[in-house]
Amino acid sequence: METNVKLDEKLNNIYNLKTNEEYEKTEIGLNKEIVERISKEKEEPDWVLNIRLKALEFYEKLDLPNWGPDLSEIKLDDITTYIKPKNKMADKWEDVPEDIKNVFDKLGIPEAEKKSLGGVGAQYDSEMVYHRVQDELKEKGVIYTNFDTAIKEYPDLVKEYFSKAVPINDHKFIAMHYALFSGGSFVYVPKGVVLTDPLQSYFRLNSPGAGQFEHTLIIVEEGASLQFIEGCSAPGYNELNLHAGCVELFVKDNAFLRFSTIENWSKNMMNLNTKKAIVGERGKLEWIMGSFGSKVSMLYPMTILNGDYAKCEFTGISFAGSGQNLDTGIKVIHNGKHTSTVVNSKSISKDGGICTFRSNIWVKNNSVKSKLNVSCESLMLDSESRSDTIPVDLVENDDIEYAHEAKIGKISDESIFYLMSRGLSEEEALKLIVRGFAEPISKAFPIEYAVEMNRLIDLELEGTIG
Amino acid sequence: MKYILNETPLKTTNNFRINNITVDLDIKETEFNEYNLSFKNDLDINTEIKTGFDSKIGLKTDKYLYLDITPKKDIKDVLIINYEFNNNSYLASNININLEHDLNTIIVFRSKTESFLNFKLSVNSKENINSNITLVNLTSDSSTNLVAIENSVNTNSNIITNYVDIKGKLRISNYYSDLYKEKSSSSFNTIYIGNNDERLDMNYYVKNNNKRTISNMLFQGALTDNSYKSLKGTIDFVEHVSKSKGEENENCILLSDTCKSRSLPMLLCHEEDVVGSHGMSSGKIDSEKLFYLMSKGISEEEAKRLIIKANFKIVLDNILDSSIKNEIEEIINERIK
Amino acid sequence: MLEIKNLYTYAEDDHGKEILKGLNLNINAGEVHVIMGPNGSGKSTLANTIFNNPRYVVSKGEILFEGEKINDLKPNEIAKKGIFMSFQIPEVIPGVTVAQFLKTAKSNITGEKINLLKFSNEVEENMEKLGIDKSYLNRELNVGFSGGEKKKNEILQLLTLNPKLAILDETDSGLDVDAIKIVSKGIKLFKNDNNAVLIITHSTKILEYLDVDYVHVLVNGKIVLSSDASLAKTIEENGYSSYMEN
């Protein structure tokens with residue numbers, strides 16, 4: 001029994017790796033000069049700079065949201081908005097600076113690449129430090145690189161899609177993102193190309209008080225298929241860190257994309273991320289989301305089902321512990337006939353943690369014969385915690401089937417009793433039941449991640465009893 | 001003048017404008033000679049005209065008619081209160097019921113021409129009370145109805161409130177139930193129909209505010225033509241309310257491809273040891289049920305009515321006066337086409 | 001009475017895949033017909049198509065009842081013409097009582113206001129014959145009904161609505177002896193020289209309880225063989241396999 005091992009100590013071993021590096025150049029705050037300097041540093045074309053400057057204008061005009069978690073703690077003027085990398089991006093782990101490589105080694109990223117991935121990207125603070133894709137995929141025309149490189153090497157493709165899913169004025173933090181974006185992955189899968197092994201980008205924010213603003217853009221052409229995994233983590237500091245990333249996904253006719261995220265930001269992170277997908281005819285998008293970290297999260301991946309028979313599946317779990325406010329959910333717009341949405345969301349709150357499931361689902365008048373099934377389940381492990389379900393539905397069409405259900409509850413004492421009578425300790429019984437609750441979600445992840453998720457759950461539950 | 005009414009207990013995203021409703025209203029002073037108030041099974045009821053009307057809907061007005069009802073013993077017969085509008089009248093009124101004993105009440109509003117109702121029902125119960133209260137809107141098609149219902153429920157008491165919301169061009173309703181003592185419970189059942197361009201905005205909120213409290217909300221509705229309804233139902237388990245239960249169910253049948261249905265079934269929870277759930281379904285009438293009934297010779301219209309009236313049954317069965325019940329059924333028949 | 005000419009049908013959600021492929025059938029007053037066939041041959045589709053269930057679409061051919069084309073009529077209009085269909089799995093309709101349902105159906109079919117006293121006497125008489133307790137009338141339609149109760153309820157509807165042609169979809173109940181007894185009793189009570197019965201079934205069991213005039217074998221969306229009751233015996237012994245090659 002490891003009940004007495006403190007959670008923080010445990011986590012220290014893996015996620016809490018700090019480095020003593022000196023940063024060559026950092027920017028603090030957000031103004032025109034900084035935006036221009038970042039753009040210059042990156043040797044960007046004018047059209048990109050113009051988007052940044054326009055976004056900055058919106059940023060200044062837009063207010064903080066008048067709903068959801070309290071964001072007043074964020075001192076926007078003090079956030080480190082850009083950290084210049086010491087090295088150029090590498091495509092061999094050996095070329096990644098030793099201290100940074102050490103962090104990714106401990107996170108198991110190079111190991112995973114060897115075993116089961118079609119390609120890997122790694123971002124450290126503001127910039128990607130590593131990107132590599134299997135040669136075989138390169139030959140098929142698959143592009144997997146960092147976003148800055150994509151702007152230089154594939155300007156037409158980037159221009160066609162960049163900011164087309166997520167507009168620059170969507171909300172204050174997306175405007176901030178577009179003014180400051182740096183790093184992130186660009187993926188292009190040509191027509192008909194099916195990737196069997198997933199690609200993975202890992203985002204690591206190591207500097208205290210810093211912001212990360214990566215932009216990920218994925219285009220899956222007609223009939224193509226891709227699985228993409230995103231991992232996020234950061235060590236804990238006393239200062240607030242800010243993550244305002246953006247993900248834009250384009251899933252064309254008959255294409256498939258599974259976008260999985262396992263997020264374990266440290267508990268000083270304000271995670272204000274924006275994700276949006278546009279799905280074409282008979283295309284299918286699967287969101288798989290595990291949210292464990294951050295102090296505050298506001299994250300509602302959006303899907304626009306634009307083509308007939310387009311499908312969206314969302315499978316997600318949040319686990320909020322002490323001091324955490326995880327406000328997550330989904331947005332879906334049904335804009336085609338026979339479109340379908342399946343949502344399966346679970347949350348666990350404990351030690352005063354707050355989980356909120358928030359959704360916006362719009363079934364437009366033209367989306368006849370659409371089917372929707374939304375299910376949310378929340379587990380409360382104590383009464384200091386909170387669990388709220390706030391789903392908004394707008395139905396403009398009679399010829400659909402829409403069922404929505406939500407449940408809130410605790411672990412039954414009888415279940416614990418039953419397992420204990422079979423020889424399990426109370427803590428083991430609790431872990432087993434919580435893992436069982438999370439099982440339908442964890443099994444949607446690749447096996448390594450399912451194991452990782454169960455480990456995170458176990459860690460969170462350690463020392464709960466007694 | 002523009003008013004922002006029916007604010008949700010907790011704000012959410014602004015995309016679907018569900019947090020409140022903005023309406024343009026022309027508010028007049030209540031002219032008390034322009035309506036009739038009648039009672040069946042009279043009780044000792046005090047009426048007076050007061051000033052400073054305020055309800056959770058959010059529209060404040062000046063003069064209003066105040067009725068105070070305090071039963072001195074358990075009343076077997078149903079108390080029926082009829083409000084009848086004459087031409088073009090505006091009415092603000094508040095009924096305050098102190099449930100020292102059990103009482104079943106039906107409150108009916110009737111108007112033949114355009115009318116404006118700003119009504120509030122406040123119910124306070126003592127311990128061990130069982131009451132069934134029904135509000136029925138039989139105002140004209142061109143009426144505007146603002147109806148607010150508030151109750152606070154004491155130990156071991158159960159208040160059932162039924163709201164029949166089947167007529168009126170603009171209907172804003174608000175329900176607030178405070179289960180503030182142990183083992184208190186409340187049920188709120190609404191049936192609604194929207195026709196033509198009618199607009200409905202409902203904001204219902206139950207607070208499970210003590211241990212072993214039970215809240216229930218049921219909404220059964222049908223929308224036709226271009227009608228538009230917005231339903232916000234919230235169950236709130238606050239801290240320290242162990243062994244409480246809350247359930248919310250909504251079923252909305254859409255009978256045209258131009259009507260719109262918006263819902264926000266909120267479930268807020270700050271207590272571990274509770275059971276809370278909500279379920280929502282919307283869409284057209286079950287085609288297999290329709291086919292079954294039609295294959296036995298029942299016309300499509302009649303089959304739809306049968307199915308919808310069956311959905312409404314729980315509320316209709318709660319209406320303890322057969323002539324009012326018949327009147328309601330006839331209006332349902334008229335409105336489901 | 002009923003004449004089906006060269007009927008082709010597909011399921012609404014599976015366009016292009018025909019289930020009935022050129023089916024022909026004639027039923028005259030006074031006759032009892034049985035359609036038999038293996039699973040997936042189109043038996044249930046046939047009953048549903050006659051009643052114009054929106055789930056099925058007729059791509060070719062026509063259905064005539066008493067010389068009039070009924071393909072495009074709504075289910076209730078078809079019922080009004082005098083056809084009845086019993087469901088294999090009757091819909092559960094909460095909130096509507098059996099009495100309310102029977103009354104509404106009867107008045108819709110006859111187009112007349114129901115004389116309540118006369119009507120309830122009639123219904124109660126039928127219930128007695130079928131051994132149904134009076135309390136059934138106040139139960140909600142098929143809610144919590146056992147298989148036998150549902151079956152009795154369908155037969156009660158048959159006797160109450162008294163159609164010209166009764167189509168009994170018994171696709172799956174072939175092996176349930178109680179169900180067969182109820183159905184055959186109902187048919188005996190219903191049947192006279194002016195009406196007709198069409199039984200759709202998988203097994204030959206029901207024929208042990210009933211006198212039938214014609215047996216048709218439905219395979220792959222077509223009637224491949226029609227004969228008298230003796231055909232059932234052959235099928236019972238040999239199965240459908242010898243007809244499947246066609």
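This structure is a prediction, so every number in the text was calculated from the model and none was measured. Residue numbers start from 1 in every chain, and the chains themselves are labelled A, B, ... in the order their sequence lines are given, proteins ahead of strands.
Neither the backbone nor the side chain of I411(A) comes within less than 4.5 Å of any heavy atom in chain B. Interface remark: E239(B) contributes side-chain atoms only to the contact with chain A (heavy atom separation under 4.5 Å). With a threshold of 4.5 angstrom between heavy atoms, N14(B) approaches chain A through its backbone and through its side chain. At a 4.5 Å heavy-atom cutoff, the contact between S261(B) and chain A is made by backbone and side-chain atoms alike. Only the backbone of L255(B) comes within less than 4.5 Å of a heavy atom in chain A; its side chain stays farther off. Only the side chain of Y228(B) comes within less than 4.5 Å of a heavy atom of chain A; its backbone N, CA, C and O stay farther away.
In terms of non-hydrogen atom pairs under 4.5 Å with chain B, the most contact-rich of K407(A), E401(A), R386(A), E384(A) is R386(A). Top candidate by heavy-atom pairs under 4.5 Å with chain B, chosen from G409(A), A403(A), S385(A), is S385(A). Options L264(B), L267(B), L254(B) differ in how many heavy-atom pairs under 4.5 Å they form with chain A, and the most are formed by L267(B). Counting heavy-atom pairs closer than 4.5 Å to chain B, the top-ranked of the candidates V374(A), I408(A), L379(A) is I408(A). Heavy-atom pairs under 4.5 Å with chain B were tallied for D399(A), V363(A), T356(A); the largest tally goes to D399(A).
In the displayed structure, K309(B) atom NZ is contacted under 6.0 Å by more than 12 heavy atoms of other residues, nucleotides or ligands. Open room surrounds NZ on K243(B); 12 or fewer heavy atoms of other groups in view lie less than 6.0 Å from it. Counting non-hydrogen atoms of neighbouring residues, nucleotides and ligands closer than 6.0 angstrom, the NZ atom of K410(A) exceeds 12 such neighbours.
M266(B) and T8(B) get closest at one heavy-atom pair: CE-CB, 4.1 Å.
Taken from CG in L5(B) to NZ in K56(B), the straight-line distance is 14.5 Å, to the nearest 0.5 Å. Within the model, atoms CG of N189(B) and OH of Y163(B) stand 14.0 Å from one another, a figure rounded to the nearest 0.5 Å.
When side chains are defined from C-beta on, Y178(A) counts as touching S163(A), because their heavy atoms get closer than 4.5 Å. Side-chain contact check for E301(B) versus R305(B): some heavy-atom pair is nearer than 4.5 Å. A heavy-atom distance below 4.5 Å is not found between the side chains of V241(B) and K211(B). Side-chain contact between I253(B) and I308(B) is present, with heavy atoms from C-beta onward closer than 4.5 Å. Between C269(B) and V274(B) the shortest side-chain heavy-atom distance falls below 4.5 Å.
With respect to D141(B) and R335(B), a salt bridge is recorded, a charged nitrogen being found less than 4.0 Å from a carboxylate O. With respect to the salt-bridge test (charged N to carboxylate O, under 4.0 angstrom), the residues D201(B) and K232(B) qualify.
With F219(B) as the partner, the ring pair (Phe, Tyr, Trp, His ring centres under 6.0 Å) test is satisfied by one option alone out of Y192(B), Y204(B), F312(B): Y204(B). Among the candidates S177(B), S184(B), S186(B), the single residue satisfying the side chain to side chain donor-acceptor pair (under 3.5 Å) test with N151(B) is S177(B). Of the options I21(B), L146(B), I18(B), T22(B), a side-chain contact (heavy atoms from CB on, under 4.5 Å) to N6(B) is made by I21(B) and by none of the others.
For a heavy-atom cut-off of 4.5 Å, chain B lies close to K331(A) in residues 323-335 of chain A. Taking non-hydrogen atoms and a 4.5 Å limit, the residue list of residues 387-397 of chain A in contact with chain B, ordered by number, reads S387(A), D388(A), T389(A), I390(A), P391(A), V392(A), D393(A), L394(A), V395(A), E396(A), N397(A). The interface of residues 64-71 of chain A with chain B, defined by heavy-atom distances below 4.5 Å, comprises N66(A), W67(A), G68(A).
A donor and an acceptor atom, one from each side chain of N226(B) and T258(B), are located under 3.5 Å apart.
For residues 169-182 of chain B, the set of pairs meeting the salt bridge (Lys or Arg N to Asp or Glu O under 4.0 Å) definition, not counting sequence neighbours, comprises E114(B)-K169(B), D165(B)-R171(B), R171(B)-E198(B).
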